[in-house]
Amino acid sequence: MGEFQLIRDIFLPLAGQTRSAAVLLGPGDDCAIQRLAPGSELVFSVDTLVEGVHFPVGYDPEKLGWRALAVAVSDLAAMGASPECFTLALTLPDSDEAWLRAFASGLGRAARRFGLALAGGDTTRGPLTLSIQVHGSVPESQALLRSGARAGDLICVSGTLGDAGAALDYLDQLPAPAEAEPLLERYHHPQPRLELGQQLRSVATAAIDVSDGLLADLGHILAASGLGATVDVALVPLSAALRHLGDRAIPLALTAGDDYELCVTLPPGRWAALPSQVRSQLTVIGATVPEPGLKLQNAPPGLQAGLVVGYDHFGASS
Ligand code: ADP
Ligand code: MG
């Protein structure tokens with residue numbers, strides 16, 4: 001398939017199946033056009049996935065399509081934004097039609113689930129690389145930033161942490177052991193917390209999605225807000241599948257990435273006033289303090305000292 005045939009046969013139909021009232025003009029022209037509702041702000045972000053760096057070489061294309069959009073959309077969730085549309089810049093080593101159809105199927109399923117339309121893109125030849133730019137909207141001045149936390153805020157996380165990181169060890173085991181299935185599902189099909197992010201507008205003082213590991217990502221909130229924190233490791237929510245891994249569970253939950261849960265801060269009074277439907281999606285794990293530094297309570301021996309915090313593409317982890 002040539003570039004134009006591939007766009008016409010694979011991506012234009014996908015755009016047709018993923019609609020948004022906000023997209024006035026989708027793929028096919030020089031640019032797409034998005035309408036912004038009066039009183040709302042455009043929130044946008046781009047994420048790149050490189051084969052062999054962000055996903056394994058030979059990774060299932062259907063899962064790749066889902067995952068690529070999910071990880072990009074997670075940044076919208078962390079801002080409290082409503083998703084609107086996305087563009088896809090795709091670099092392919094060759095045009096393998098079966099691969100492309102499977103990829104488009106996973107991408108389309110994710111786009112329909114999260115409510116974004118494919119608005120355009122770019123298709124080039126080269127080592128397999130995907131860049132997805134997502135667009136969302138928030139009512140004026142209501143985006144959740146990393147910099148808004150205040151001393152004394154509670155620190156909360158959604159869902160459970162560490163599962164996707166634990167799955168990395170099983171990715172090339174075929175068949176994977178049955179107990180790894182729930183962990184692998186978290187890696188293959190991240191579920192960005194879009195609804196929760198929107199529910200936390202004008203409630204959370206700061207928010208971030210956990211893509212690089214809880215301690216690293218919480219560290220970004222603390223740095224941006226000029227604060228420190230105390231986190232009780234015993235409170236960090238773990239799935240049954242992760243607990244099954246024994247001593248490895250806590251270090252994974254604190255430092256492994258790829259879960260795409262939210263980490264947010266909010267004053268205790270607002271926590272108490274949250275509707276139970278929102279509160280039940282969150283677990284309080286600590287609180288912010290005015291002095292810089294992150295203190296862990298109930299950390300397993302050795303963890304605080306030799307803490308490996310998150311993933312940094314260009315540096316040693318530290
Ligand atoms: P231009 O040269 O003006 O950038 P292109 O030939 O790159 O145009 O793309 C033609 C049209 O096809 C554009 O509207 C673009 O958004 C769309 N397009 C190209 N690749 C993709 C893709 N992978 N997914 C969705 N739309 C795409
Ligand atoms: Mg182009």
Side-chain angles (χ1 to χ4, degrees), residues 1-37 40-77 81-137 188-192 194 211 260:
M1 267 201 228
E3 176 191 341
F4 296 108
Q5 190 193 354
L6 186 161
I7 295 169
R8 195 188 60 223
D9 289 1
I10 309 261
F11 292 106
L12 293 189
L14 181 58
Q17 296 157 16
T18 57
R19 294 189 176 277
S20 159
V23 176
L24 299 179
L25 184 66
D29 214 307
D30 294 313
C31 290
I33 304 178
Q34 179 185 349
R35 187 209 316 263
L36 267 186
S40 69
E41 292 168 347
L42 177 65
V43 177
F44 58 101
S45 156
V46 66
D47 270 301
T48 296
L49 301 185
V50 179
E51 183 176 42
V53 179
H54 302 92
F55 59 93
V57 173
Y59 188 56
D60 179 306
E62 229 268 341
K63 296 187 173 86
L64 180 62
W66 177 288
R67 208 179 130 69
L69 188 59
V71 305
V73 162
S74 176
D75 288 318
L76 294 179
S82 307
E84 307 279 10
C85 61
F86 68 104
T87 56
L88 166 69
L90 188 56
T91 302
L92 298 165
D94 48 40
S95 70
D96 173 343
E97 185 171 343
W99 190 96
L100 276 163
R101 291 204 183 278
F103 171 76
S105 155
L107 185 69
R109 273 196 316 118
R112 290 188 294 272
R113 167 74 74 86
F114 308 141
L116 293 88
L118 176 60
D122 197 27
T123 308
T124 52
R125 187 184 289 264
L128 181 58
T129 306
L130 288 142
S131 289
I132 292 189
Q133 169 139 332
V134 288
H135 284 196
S137 64
H188 293 314
H189 295 114
Q191 309 283 337
L194 282 166
S211 56
Y260 300 100

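Each ligand, and each atom within it, is numbered from 1 in the order the structure gives.
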Element-labelled atoms of ligand 1 that are located less than 4.0 Å from some non-hydrogen atom of Asp29: 13 (C), 14 (O)
Look at the rings of Trp99 and Phe103 and say which category their plane angle falls in: under 30° parallel, 30 to 60° tilted, over 60° perpendicular. parallel
Minimum non-hydrogen distance to atom 3 (O) of ligand 1, winning option of Leu25, Leu90, Asp30: Asp30
Show the atoms of ligand 1 that are less than 4.0 angstrom away from any heavy atom in Phe4. 6 (O)
Only residue of Ile132, Thr129, Leu107, Leu100 satisfying side chain to side chain contact (heavy atoms under 4.5 Å, CB included) with Leu90 is Leu100
Between Ile7 and ligand 1, which part of the residue brings a heavy atom under 4.0 Å of the ligand: side chain, backbone, both or neither? side chain
Which of the atoms in ligand 1, numbered in the order shown and given with their element, are less than 4.0 Å from a heavy-atom of Leu118? 25 (C)
Contact between Phe114 and Pro192 at the side-chain level, heavy atoms closer than 4.5 Å - yes or no? yes
Flag Pro27 as yes when one of its N or O atoms lies below 3.5 Å from any N or O atom of ligand 1, and as no otherwise. no
On the 0 to 90° scale, with breaks at 30° and 60°, tag the Trp66-His189 ring pair as parallel, tilted or perpendicular. perpendicular
Polar-atom distance check: Gly121 versus ligand 1, any N or O pair below 3.5 Å? yes
Residues at least two apart in sequence or cross-chain that pass salt bridge (Lys or Arg N to Asp or Glu O under 4.0 Å) with Glu41, listed by chain then number, are none
Near Leu88 (heavy-atom distance under 4.0 Å), the atoms of ligand 1 are 22 (C), 23 (N)
All side chain to side chain contact (heavy atoms under 4.5 Å, CB included) counterparts of Ser82, not counting sequence neighbours: Ser137, Gln198, Arg201
Numbered atoms and elements of ligand 1 in range of Gly28, under 4.0 angstrom, heavy atoms: 11 (C), 13 (C), 14 (O)
Would you find more than 12 non-hydrogen atoms of other residues, nucleotides or ligands less than 6.0 Å from Arg101 atom CZ? yes
